[in-house]
There are 2 protein chains.
Amino acid sequence: MSDMPSCQFESRPRRIMMGSSGLQTDFCATCTVRPNSVCNVIDEGDISRLAEAAVETIIPPGRGFIEEGAPATDFFNVTAGTVKLFKALPDGRRQITGFAAPGHFLGLAVSDSYAFGAEAIDTVRVCRFSREKMTELLDDFPKLERRLLEEASNELVAAQNQMLLLGRKTARERVASFLLDQMRIGQPPAGNGGPCRLNLPMTRGDIADYLGLTIETVSRTLSWMRSQGMIEVGKGYAITLLSVSRLDVLASGNG
Amino acid sequence: MSDMPSCQFESRPRRIMMGSSGLQTDFCATCTVRPNSVCNVIDEGDISRLAEAAVETIIPPGRGFIEEGAPATDFFNVTAGTVKLFKALPDGRRQITGFAAPGHFLGLAVSDSYAFGAEAIDTVRVCRFSREKMTELLDDFPKLERRLLEEASNELVAAQNQMLLLGRKTARERVASFLLDQMRIGQPPAGNGGPCRLNLPMTRGDIADYLGLTIETVSRTLSWMRSQGMIEVGKGYAITLLSVSRLDVLASGNG
DNA sequence: CCGATGGATTGATGTAAATCAATGCGTTGA
DNA sequence: TCAACGCATTGATTTACATCAATCCATCGG
């Protein structure tokens with residue numbers, strides 16, 4: 001996990017001069033590690049305009065940068081690190097609604113306040129646009145709008161899967177689904193059947209809040225999977241999937 | 001619940017001649033009961049083009065018309081009735097991910113197969129577009145694309161709320177949240193504080209599958225609310241909210 | 001009119017996961 | 001070096017909800 005974004009369309013991260021601030025910055029909305037990023041839909045000539053509109057921000061681990069209910073002034077594009085998105089009840093119960101990896105857009109609210117909070121898990125880089133600037137950009141770059149619609153659709157599909165998980169799956173099924181999802185996100189060697197090493201950036205508490213479980217249940221379930229030879233739980237945040245196929249059976253409800 | 005769509009922008013449903021089929025039909029994507037429908041973002045001159053692209057279909061209660069996993073050939077706009085959207089596990093466990101009322105778009109999949117199933121609850125009318133036609137329309141009507149992005153964003157917010165509900169709320173909180181949501185959808189007299197009569201189109205089973213509960217728990221919870229004087233459970237599908245404020249306290253987790 | 005059917009309600013019992021509680025362990029900082 | 005802290009694991013106990021089961025009550029077809 002380098003915190004320097006790389007781009008499949010360029011040999012090295014591109015550095016440009018930011019308009020007003022004069023700061024150098026890595027590319028943001030136009031150059032991220034995600035294959036479906038706007039990289040491939042924005043014309044070369046438009047890039048500088050996009051970049052001028054953005055301000056890069058580096059957010060340290062644990063720092064919140066979107067507060068649920070606050071006025072939705074900005075729009076973000078994650079370029080490095082992992083962000084957790086969540087909603088909370090007044091008594092502190094918390095539901096993480098998703099994790100945003102590089103390439104994701106945040107703050108696509110229609111209302112004028114944010115519907116969720118966001119907090120950096122590890123060191124996060126975002127490019128920040130004002131909402132009015134964003135609206136301008138949408139008017140000028142139809143391809144960007146198409147891209148946002150695509151992203152929103154993808155998130156909707158993910159949200160539906162998560163609703164099925166939260167409403168109807170058992171603890172074991174939830175944890176198995178989570179591990180497989182994380183495997184599919186952590187692209188590199190892809191699922192060829194062999195063991196797959198994951199390096200999860202989030203704590204057990206985050207996983208619990210994402211899966212609608214408690215820390216203890218997540219921990220017990222991982223221990224059970226270990227006892228079954230399905231996974232290996234390493235030091236820190238490392239988990240190795242030893243039998244993707246058995247996890248698959250579990251996750252889909254056939255366990 | 002008349003099955004004839006009415007439109008706030010016209011005194012009576014508009015009837016037009018469908019291009020190829022020659023059938024008469026009520027207006028669809030351009031004229032629904034929802035205030036945020038495309039009604040207000042499509043120019044008058046574009047209406048006939050939109051209408052030509054659509055085929056109206058009437059779907060009887062209980063009939064499914066989108067199958068989870070099937071090739072995503074069509075795109076729909078609901079014009080009357082209520083549709084339930086759901087995902088299922090192989091052993092039959094089911095999660096209803098949402099209800100689509102008139103004005104909603106369905107089938108906004110990025111992948112080439114549907115991520116969810118859809119079934120008519122009561123008699124439903126939809127306008128059906130082929131996906132390729134839809135893509136053409138998006139190219140020609142930027143306002144339609146903006147409208148879809150808006151709708152997707154709204155659904156995303158709703159999905160996040162539902163994840164909080166499914167992951168962290170108790171049965172009582174879930175049912176209270178559901179009743180209040182239904183109240184806000186069933187617009188007419190709006191929440192002025194007094195009792196509010198709901199006519200829910202869905203069964204207890206649907207409610208249970210939407211809230212991640214069983215039929216028995218939904219029934220017991222409604223009975224408990226009745227015993228507390230919060231609601232009145234009428235014959236059939238009628239429920240009257242007697243104390244919106246107490247339901248509100250419950251729903252937000254302060255009960 | 002009446003048996004069959006499907007939805008809803010209510011009661012008795014079981015259980016998966018939450019809660020309460022103790023321990024270990026790696027990192028941090030005085 | 002060694003508290004102090006956060007995070008994780010594991011065990012004992014409780015509980016909210018599911019499951020199993022019985023009954024009621026409309027609607028519907030013969």
Checklist entry - Is there a side-chain contact between A:M202 and A:I207, using heavy atoms and a 4.5 Å cut-off? => result yes
Next on the checklist: A side-chain contact here means heavy atoms from C-beta on lying under 4.5 Å apart; do A:N154 and A:L156 qualify?
Outcome noted: no
Item to check | Nearest non-hydrogen partners of A:A120 and A:P60, listed with the distance | outcome: CB-O, 3.5 Å
Checklist entry - In terms of heavy-atom contacts, does CD of B:E67 have more than 12 from other residues, nucleotides or ligands at under 6.0 Å? => result no
Next on the checklist: Could you check whether B:E68 pairs with B:R94 (Lys NZ or Arg NE/NH1/NH2 to Asp/Glu carboxylate O, under 4.0 Å)?
Outcome noted: no
Next on the checklist: Can you measure B:W224 atom CH2 to C:dG11 atom P for me and round it to whole angstrom units?
Outcome noted: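 The answer, rounded to whole Å, is 17 Å.
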Checklist entry - For B:I215 and D:dA21, what is the distance between atoms CD1 and P respectively, to the nearest whole Å? => result 16 Å
Item to check | Nearest to side-chain heavy atoms of B:A171, which nucleotide of D:dC17, C:dA17, D:dT9 | outcome: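 My answer, after comparing the listed nucleotides, is D:dC17.
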Next on the checklist: Quick check for you: among C:dA8, C:dT10, D:dA8, whose closest atom lies nearest to any side-chain atom of B:R226?
Outcome noted: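 My answer, after comparing the listed nucleotides, is C:dT10.
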Item to check | Pair A:F86 + A:Y210: ring centers closer than 6.0 Å | outcome: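 No, too far apart.
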Checklist entry - Reckon B:G236 touches a base, only the sugar-phosphate, or nothing at all at heavy-atom distances under 4.0 Å? => result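 Counting heavy atoms under 4.0 Å across all strands, no contact is made by B:G236.
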Next on the checklist: Using a heavy-atom cut-off of 4.0 Å across all strands, would you classify B:G62 as base, sugar-phosphate, or nothing?
Outcome noted: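 The answer is nothing, as B:G62 stays clear of every strand by at least 4.0 Å.
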Checklist outcome for this item: So CZ of B:R204 and OG1 of B:T214: to nearest 0.5 Å the spacing works out to 13.0 Å
Next on the checklist: With nearest nucleotide decided by heavy atoms, which residue, A:L213 or B:T203, maps closer to the 5′ end of DNA chain C?
Outcome noted: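 That would be B:T203.
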Checklist entry - Between A:R174 and A:L211, is there a donor-acceptor pair closer than 3.5 Å when you use the side chain of the first and the backbone of the second? => result yes
Checklist entry - Is there a donor-acceptor contact under 3.5 Å from the side chain of B:R226 to the main chain of B:I231? => result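 No.
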Checklist entry - Which comes earlier along DNA chain D counting from the 5' end, the contact point of A:M202 or that of B:K169, where each point is its nearest nucleotide? => result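 The answer here is A:M202.
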Checklist entry - Roughly how bent is the helix from C:dC1-D:dG30 to C:dA30-D:dT1 end to end, in steps of 10 degrees, with each end axis from five pairs? => result 30°
Checklist entry - Taking OP1 and OP2 of D:dT10, is either one under 4.0 Å from a side-chain nitrogen or oxygen of A:S219? => result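 Negative; the distance criterion is not met.
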When you compare the protein's N or O atoms with those of nucleotides 19-25 of chain C, which come within less than 3.5 Å of each other, and at what distance?
| from | atom 1 | to | atom 2 | distance (Å) |
| --- | --- | --- | --- | --- |
| C:dT19 | O4 | A:R220 | NH2 | 2.8 |
| C:dC20 | N4 | A:E216 | OE2 | 3.0 |

